[in-house]
Amino acid sequence: MNPVIRVTVLVENTAAGRGLCGEHGLAYWIEARPERVLFDTGQTPEVLLQNADALGIDLAAAHAVAISHGHYDHTGGLWELLRLGGKPRLLIHPKALARRVSQQRDGTIQDVGIPPQNDLESLEQHTSSLTFTDGPTPVTEGLWVTGEVPRLNEYEDTGGRFFLDEACESADPIVDDQALFFDTRDGIVVVLGCGHSGVVNTLRYVQELTFGRPIHAVLGGMHLIHASEHRLDETVTAFRDIDIEMLGPAHCTGARAQARLWWEFQDRWVPCQVGSRFEFSTEANRLTHMK
């Protein structure tokens, strides 16, 4: 494997650069040569394809696609991506295909699930292999997804009113929520979709899987948009304890939490918007297997 892993933010709520578009969603292009991996696919195929073209990324060259969870803003470009004909490997939790809704503050119901054309038969037809990720699973050499994340903290929840039925009687625990991670010379890099399992739960679990390796960087959605002051306080305390060296909150983290994290970690906070690119050296990393 090439000694550098590159992460490019392909879809995010905000964009920085000519010809780039932001939308409520996430997608990352990860180059772990010789493999190229797409982690999530944004909300709409139009934005995914336009940003890829503007950034010089050939989506048809993706060897693998990993999905963080089955919400529309992370899977909206999946069908169009698969129609490009590259037939990548697909890694997804089986519960990501479930029907799911969200109840808004005014009581209205919105469908927030994966677009319906992404049924199991279609996914199998347009991918070279389909892997269900209920536990830690390798995406390619050196890259892993967590699978289901244990929920251990009393102050972290899914971050919203999510349900599996339109009557809003069956709460959706979003068990399919997972993060992607890899080791580097400086420690573990964790790439989040929305962190519905709780960002602290996720980081602690990754540390458990990697035998206590330090967390070097955390990029992505932390779903703190509706977080209480107590949750924000506990999250800041945990981040200090974990001693994260690079913090790139994005997407569903929310403006209030973004401002708090910038204030608390000004020397470690980095922008994580469409066009942001990060390089991590994998030379001399010490992680050879998972727990």
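We're numbering straight along the sequence, starting at 1.
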Restricting to non-hydrogen atoms, name the atom on [X] and the atom on [Y] that form the minimum distance, rounded to 0.1 Å.
X: Ala27; Y: Leu38; answer: CB-CD1, 4.4 Å
X: Leu143; Y: Ala32; answer: CD1-CB, 3.8 Å
X: Thr133; Y: Val145; answer: CG2-CG2, 3.9 Å
X: Ala238; Y: Tyr155; answer: CB-OH, 4.2 Å
X: Ala62; Y: Pro88; answer: O-CB, 3.4 Å
X: Leu26; Y: Gly221; answer: CD1-N, 3.8 Å

State, with a plain yes or no, whether a side-chain heavy atom of [X] is found less than 4.5 Å away from one of [Y].
X: Gln207; Y: Ile215; value: yes
X: Ile92; Y: Phe132; value: yes
X: Leu120; Y: Leu130; value: yes
X: Ile109; Y: Cys168; value: yes
X: Cys194; Y: His71; value: no
X: Arg89; Y: Thr131; value: no
X: Val149; Y: Arg204; value: no
X: Thr210; Y: Phe181; value: yes

Are [X] and [Y] close enough for a salt bridge, meaning some N to O gap below 4.0 Å?
X: Arg36; Y: Asp58; answer: no
X: Asp134; Y: Lys95; answer: no
X: Glu279; Y: Arg6; answer: yes
X: Asp172; Y: Arg99; answer: no
X: Arg151; Y: Asp177; answer: no

Calculate, to the nearest 0.5 Å, the distance between atoms [atom1] and [atom2] belonging to [X] and [Y] respectively.
X: Leu224; Y: Cys252; atom1: CG; atom2: SG; result: 8.0 Å
X: Ser170; Y: Asp165; atom1: OG; atom2: CG; result: 5.5 Å
X: Trp269; Y: Leu261; atom1: CH2; atom2: CG; result: 9.5 Å
X: Leu10; Y: Leu20; atom1: CG; atom2: CG; result: 9.0 Å

| remark: With sequence neighbours left out, the residues meeting side-chain hydrogen bond (donor to acceptor under 3.5 Å, both in side chains) with Thr235 are none
| task | With sequence neighbours excluded, tell me which residues meet side-chain hydrogen bond (donor to acceptor under 3.5 Å, both in side chains) with Asp40. | result | Ser68, His74
Does the [X] side chain pair with the main chain of [Y], one donor and one acceptor, at a distance under 3.5 Å?
X: Arg213; Y: Thr184; result: yes
X: Asn51; Y: Cys21; result: yes
X: Asp176; Y: Gln178; result: no
X: Asn201; Y: Asn153; result: yes
X: Glu156; Y: Val200; result: yes
X: Tyr28; Y: Leu192; result: yes
X: Arg256; Y: Ala227; result: yes
X: Gln258; Y: Thr253; result: no
X: Lys87; Y: Leu82; result: no
X: Thr108; Y: Gln104; result: no

| Can you list every pair that meets side chain to side chain donor-acceptor pair (under 3.5 Å) and has a residue in residues 8-27, with sequence neighbours left out? | Thr8-Arg277, Glu12-Thr14, Asn13-His24, Asn13-His251, Thr14-Gln273, Glu23-Thr44, His24-Asp73
By salt bridge (charged side-chain N to carboxylate O under 4.0 Å, His left out) - contacts of [X] (at least two apart):
X: Arg83; value: none
X: Asp186; value: none
X: Asp243; value: Arg268
X: Glu46; value: none

With [X], which residues qualify under ring-ring contact (aromatic ring centres under 6.0 Å, His included), at least two apart?
X: His93; result: none
X: His126; result: Trp79
X: His226; result: none
X: Tyr205; result: none

| message | Set out, in order, the CA-CA distance, both residues' side-chain angles and the distance that settles side-chain contact (heavy atoms from CB on, under 4.5 Å) for Phe239 and Val218, then state yes or no. | response | CA-CA 10 Å; Phe239 282 5; Val218 181; 5.7 Å; no
| query | Phe278 and Val189: side-chain contact (heavy atoms from CB on, under 4.5 Å), yes or no, with the steps? | reply | CA-CA 11 Å; Phe278 306 91; Val189 174; over 6 Å; no
| According to a 4.5 Å side-chain heavy-atom criterion applied to Ile, Leu, Val, Met, Phe, Trp and Tyr, with indirect links allowed, do Leu97 and Leu81 form part of one hydrophobic cluster? | yes
| field | Same apolar cluster (I L V M F W Y, side chains within < 4.5 Å links), Leu247/Leu232 | value | yes
| request: Among residues two or more places apart or on two chains, list those pairs meeting ring-ring contact (aromatic ring centres under 6.0 Å, His included) that have a residue in residues 98-123. | output: none
| said: Tell me if the CD atom of Glu121 is crowded by more than 12 foreign heavy atoms within 6.0 Å. | reply: no
| field | Cation-pi check, Arg100 onto Tyr72 ring (under 6.0 Å, within 45° of axis) | value | no
| Is there a side-chain contact (heavy atoms from CB on, under 4.5 Å) between Val236 and Arg260 once you walk through the steps? | CA-CA 9 Å; Val236 167; Arg260 173 74 183 275; 4.1 Å; yes
| request: Might you work through the side-chain contact (heavy atoms from CB on, under 4.5 Å) test for Thr282 and Phe280, ending with a clear yes or no? | output: CA-CA 6 Å; Thr282 60; Phe280 303 98; 5.6 Å; no
